[in-house]
Amino acid sequence: MTQTKMRNTIDETYKKLRNKLKTDEEITESDLLESLKLYEITNKELKKAKNKYRKWTEDEDAYLAYFAYSNDAKIQDAADYLKRTSDSVENRLSYLRKHNKATYMVRPWSEKEDEFIKKYYATVKTIQIAERLRRSPSAIKSRAWALGVKKRDGGAK
């Protein structure tokens, strides 16, 4: 049976069952067995579709680059939008960054961020600044060094 014929058969069977439920007709044991069989077929198809490897497209890479640049959403949001797993999205972002496939993926430093680092770097822990600015601790350290800001002796690390 071809894929389209099978899909049409499944759709028709579901419609019949739905109509029986709506009109309060008696549902027989054969109806239940048929619906169970259809469920198993549909479930197998869904699993195959979800686990099937798809190559990344340029459009998806561009979306990820924008996503990483704007950094205003969670990885799961991007995964849902792209219909991929969050692990897959994280791996692709990592790949794009490591291989300089999208050099614009690094968000430029704003004046507000620079002022924040200048004001608090000496007294506040780097990890707290990183969380506040949504940057990595190593990015904060690098930026502080570039700005000429240092930790005070005995200050937060």
Side-chain angles (χ1 to χ4, degrees), residues 2-4 6-11 13-15 17-18 21-22 32 35-157:
T2 65
Q3 198 100 32
T4 15
M6 185 177 190
R7 172 60 42 209
N8 288 341
T9 307
I10 290 171
D11 289 344
T13 308
Y14 275 132
K15 285 178 186 175
L17 285 170
R18 222 179 305 128
L21 284 171
K22 284 181 183 177
L32 292 174
S35 66
L36 181 61
K37 190 186 298 182
L38 291 175
Y39 170 78
E40 289 171 352
I41 291 169
T42 308
N43 201 22
K44 282 180 185 176
E45 288 175 2
L46 288 172
K47 282 183 180 178
K48 283 181 187 176
K50 187 175 183 182
N51 294 332
K52 193 173 185 180
Y53 175 79
R54 288 185 295 139
K55 289 191 176 208
W56 286 88
T57 65
E58 287 182 29
D59 289 342
E60 289 174 322
D61 285 346
Y63 174 80
L64 282 182
Y66 173 76
F67 168 81
Y69 182 80
S70 63
N71 202 17
D72 61 350
K74 295 179 180 170
I75 295 283
Q76 189 59 50
D77 295 339
D80 292 343
Y81 178 79
L82 296 171
K83 293 184 177 126
R84 294 192 179 260
T85 64
S86 57
D87 286 343
S88 174
V89 170
E90 286 177 13
N91 290 338
R92 188 61 178 181
L93 278 170
S94 177
Y95 171 83
L96 291 172
R97 286 185 177 124
K98 285 180 183 173
H99 294 89
N100 290 327
K101 298 286 183 185
T103 54
Y104 51 88
M105 287 179 61
V106 179
R107 202 169 22 117
W109 289 93
S110 69
E111 287 182 34
K112 282 184 176 182
E113 290 173 317
D114 286 346
E115 292 303 318
F116 190 86
I117 290 172
K118 287 177 186 176
K119 186 174 181 180
Y120 295 108
Y121 186 74
T123 56
V124 178
K125 289 184 179 182
T126 306
I127 190 83
Q128 291 173 325
I129 296 172
E131 289 170 357
R132 173 77 164 84
L133 298 180
R134 297 175 77 181
R135 302 268 188 172
S136 69
S138 60
I140 300 298
K141 289 177 186 175
S142 296
R143 190 61 180 175
W145 181 82
L147 294 171
V149 182
K150 296 181 180 180
K151 290 279 187 193
R152 288 193 190 138
D153 291 334
K157 291 195 175 199

Looking at every non-hydrogen atom in both residues, tell me the closest pair between R135 and I140 and how far apart they are. CB-CD1, 3.9 Å

With a 4.5 Å limit on heavy-atom distance, are the side chains of K150 and Y121 in contact? no

Only counting residues at least two apart or in another chain, list the ones meeting side chain to side chain donor-acceptor pair (under 3.5 Å) with N91. none

By side chain to side chain contact (heavy atoms under 4.5 Å, CB included), which residues pair with K118, not counting sequence neighbours? E115, L147, V149

For Y120, I'd like to know if atom OH has over 12 heavy atoms of other residues, nucleotides or ligands within 6.0 Å. no

Would R143 and E113 pass as an ion pair if we require N to O under 4.0 Å? no

Distance-minimising heavy-atom pair for V89 and A79: CG2-CA, 3.7 Å

With rounding to the nearest 0.5 Å, note down the distance linking CD1 in I117 to CZ in R132. 11.5 Å

Excluding sequence neighbours, so at least two apart, what forms side chain to side chain contact (heavy atoms under 4.5 Å, CB included) with A146? none

Examine distances only and state if a side-chain atom of S94 and a backbone atom of E90 form a donor-acceptor pair shorter than 3.5 Å. no

What closest approach, in Å, do S136 and A130 show between heavy atoms, and which atom pair accounts for it? C-CB, 3.9 Å

Shortest non-hydrogen contact from A139 toward W109: O-CZ2, 3.5 Å

Would you indicate whether the side-chain heavy atoms of E60 and R92 approach each other to under 4.5 Å? no

